[in-house]
Amino acid sequence: MASRSVVVVGGTKGLGREVAQFYADQGRDVVVTGRDAAGSEACAAEIGGATRGIGFDLADPHSIDEALASVGEVEYLVLAAIERDTNSVKDYDIAAAMRLATLKLVGYTEVIHTLLPRLADDAAILIFGGLARDRPYPGSTTVTTVNGGVTSLVRTLVIELAPRRVNALHPAIVGDSPQWKDMPPERFQALVQRTPTGRLVTMAEVVDASRFLLENGGVNGLNLAVDGGWLCS
Ligand SMILES: NC(=O)c1ccc[n+]([C@@H]2O[C@H](COP(=O)([O-])OP(=O)(O)OC[C@H]3O[C@@H](n4cnc5c(N)ncnc54)[C@H](OP(=O)(O)O)[C@@H]3O)[C@@H](O)[C@H]2O)c1
């Protein structure tokens with residue numbers, strides 16, 4: 001069982017990559033995935049250790065089964081991929097909405113479906129959502145909707161996949177993540193002012209929370225906000 005892998009879908013960048021790096025540094029067999037094979041393999045080489053890279057497009061769910069054929073037994077499955085979509089109802093971009101909804105709801109589910117025979121009873125799944133779920137903003141219609149979907153997905157997966165554990169992590173804006181580290185200073189300050197801890201959460205804190213959700217055998221069906229108290233403000 002020691003060779004069971006940690007698979008991070010969307011592990012080539014950002015938060016997923018940080019989680020992958022943590023487990024690679026622990027000497028685990030890690031698989032990172034992104035949209036293309038060459039980029040994922042290059043990322044795996046940078047992460048080091050026994051890390052492998054695989055490429056597939058979550059918005060093309062029919063391609064996922066074949067892409068994951070080389071993956072063996074999995075202990076931890078992390079679903080972190082995202083294509084951001086600024087999309088309002090007034091100026092609705094159907095193609096962009098369909099990509100994101102397919103990627104996060106159908107694509108994530110198809111990864112789980114594909115790997116299910118390779119997930120033992122004590123395996124754990126972690127799905128990334130986000131707090132646009134609770135705090136919409138103009139243009140967040142699809143993001144807010146799919147992150148709400150993640151909340152419900154966790155609950156049905158806990159029942160369907162039992163006794164395997166399934167949890168979700170919903171970060172607020174992660175200040176040092178590649179997506180946000182160069183945000184305009186006025187936006188940064190506005191977010192800090194609304195965060196009771198007086199600062200934005202960090203990638204290290206997201207990795208720590210990911211480990212808790214994956215490794216604590218008593219935690220199941222949780223949708224955990226990691227937000228410095230932002231939802232209280
Ligand atoms: N960063 C934050 O502050 C924040 C806040 C709230 C929630 N979140 C959530 O946390 C998760 C990670 O966010 P992040 O900011 O770390 O993301 P990121 O840096 O933008 O990385 C996105 C990852 O998803 C992969 N990906 C994108 N489109 C894909 C597709 N169609 N098929 C397969 N893989 C695809 C990318 O791979 P390639 O680029 O190599 O193709 C990359 O590995 C997301 O679910 C996001 O909603 C993040």
Side-chain angles (χ1 to χ4, degrees), residues 7-21 30-47 51 53-64 67-68 78-86 95-96 98-111 114 125-137 140 142-151 153-154 168-183 187-188 191 195 199-207 209-210 213 223-228 230-231:
V7 175
V8 186
V9 173
T12 60
K13 298 192 174 74
L15 306 178
R17 180 170 173 152
E18 290 295 299
V19 174
Q21 186 72 60
V30 174
V31 176
V32 290
T33 84
R35 280 165 287 199
D36 72 281
S40 302
E41 285 161 14
C43 171
E46 283 173 23
I47 289 173
T51 307
I54 292 177
F56 60 87
D57 182 357
L58 281 159
D60 177 16
H62 292 290
S63 70
I64 292 173
L68 291 174
V78 179
L79 297 157
I82 183 81
E83 268 175 34
R84 287 183 170 77
D85 172 32
T86 303
M98 286 182 71
R99 266 196 80 79
L100 180 54
T102 304
L103 180 163
K104 246 197 173 175
L105 299 180
V106 183
Y108 278 19
T109 307
E110 172 57 12
V111 170
T114 299
I125 298 171
L126 173 62
I127 304 176
F128 273 75
L131 290 185
R133 178 191 67 164
D134 306 280
R135 286 270 173 82
Y137 50 86
S140 79
T142 316
V143 176
T144 295
T145 305
V146 296
N147 286 335
V150 164
T151 304
L153 185 59
V154 163
L169 195 160
H170 299 270
I173 298 279
V174 182
D176 60 348
S177 66
Q179 175 65 26
W180 297 112
K181 66 183 171 51
D182 298 320
M183 80 177 95
R187 179 150 190 223
F188 178 85
L191 286 165
T195 308
R199 60 176 183 80
L200 304 189
V201 297
T202 66
M203 294 211 288
E205 288 162 342
V206 170
V207 172
S210 301
L213 295 172
N223 277 280
L224 181 68
V226 177
D227 68 345
W230 187 57
L231 284 182

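All ligand and atom numbering here is 1-based and tracks the order in the structure.
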Heavy-atom closest pair (Thr142 atom, Ala101 atom, distance to 0.1 Å) is CG2-N, 4.5 Å
Taking Thr102 for its side chain and Ala59 for its backbone only, find out whether a donor-acceptor pair lies under 3.5 Å.
-> no
In this structure, CD1 of Ile82 is separated from CD of Gln179 (nearest 0.5 Å) by 9.0 Å
Atom OG1 of Thr145 and atom CG of Leu100: how far apart are they, to the nearest 0.5 Å?
-> 9.0 Å
What's the spacing between Glu46 CD and Gln21 CD if we round to 0.5 Å?
-> 9.5 Å
Check ligand 1 against the protein and report each N/O to N/O distance under 3.5 Å, formatted as atom name, atom name, distance.
{"from": "ligand 1", "atom 1": "1 (N)", "to": "Ser177", "atom 2": "OG", "distance (Å)": "3.1"}
{"from": "ligand 1", "atom 1": "3 (O)", "to": "Val174", "atom 2": "N", "distance (Å)": "2.7"}
{"from": "ligand 1", "atom 1": "3 (O)", "to": "Trp180", "atom 2": "NE1", "distance (Å)": "3.2"}
{"from": "ligand 1", "atom 1": "15 (O)", "to": "Arg84", "atom 2": "NH2", "distance (Å)": "2.7"}
{"from": "ligand 1", "atom 1": "16 (O)", "to": "Leu15", "atom 2": "N", "distance (Å)": "2.7"}
{"from": "ligand 1", "atom 1": "20 (O)", "to": "Arg84", "atom 2": "NH1", "distance (Å)": "3.1"}
{"from": "ligand 1", "atom 1": "24 (O)", "to": "Ile82", "atom 2": "N", "distance (Å)": "3.3"}
{"from": "ligand 1", "atom 1": "28 (N)", "to": "Glu83", "atom 2": "OE2", "distance (Å)": "3.3"}
{"from": "ligand 1", "atom 1": "31 (N)", "to": "Asp57", "atom 2": "OD1", "distance (Å)": "2.8"}
{"from": "ligand 1", "atom 1": "31 (N)", "to": "Glu83", "atom 2": "OE2", "distance (Å)": "2.8"}
{"from": "ligand 1", "atom 1": "32 (N)", "to": "Leu58", "atom 2": "N", "distance (Å)": "2.9"}
{"from": "ligand 1", "atom 1": "37 (O)", "to": "Thr12", "atom 2": "OG1", "distance (Å)": "3.0"}
{"from": "ligand 1", "atom 1": "39 (O)", "to": "Lys13", "atom 2": "NZ", "distance (Å)": "2.5"}
{"from": "ligand 1", "atom 1": "39 (O)", "to": "Arg35", "atom 2": "NH2", "distance (Å)": "2.8"}
{"from": "ligand 1", "atom 1": "40 (O)", "to": "Thr12", "atom 2": "OG1", "distance (Å)": "2.6"}
{"from": "ligand 1", "atom 1": "40 (O)", "to": "Lys13", "atom 2": "NZ", "distance (Å)": "3.2"}
{"from": "ligand 1", "atom 1": "41 (O)", "to": "Arg35", "atom 2": "N", "distance (Å)": "2.7"}
{"from": "ligand 1", "atom 1": "41 (O)", "to": "Arg35", "atom 2": "NE", "distance (Å)": "2.7"}
{"from": "ligand 1", "atom 1": "43 (O)", "to": "Gly10", "atom 2": "O", "distance (Å)": "3.4"}
{"from": "ligand 1", "atom 1": "43 (O)", "to": "Thr12", "atom 2": "N", "distance (Å)": "3.3"}
{"from": "ligand 1", "atom 1": "43 (O)", "to": "Thr12", "atom 2": "OG1", "distance (Å)": "2.6"}
{"from": "ligand 1", "atom 1": "43 (O)", "to": "Lys13", "atom 2": "N", "distance (Å)": "3.4"}
{"from": "ligand 1", "atom 1": "45 (O)", "to": "Ala80", "atom 2": "O", "distance (Å)": "3.2"}
{"from": "ligand 1", "atom 1": "45 (O)", "to": "Lys104", "atom 2": "NZ", "distance (Å)": "3.0"}
{"from": "ligand 1", "atom 1": "47 (O)", "to": "Lys104", "atom 2": "NZ", "distance (Å)": "3.2"}

Is it the case that more than 12 heavy atoms not belonging to Met183 sit under 6.0 Å from its CE atom?
-> yes
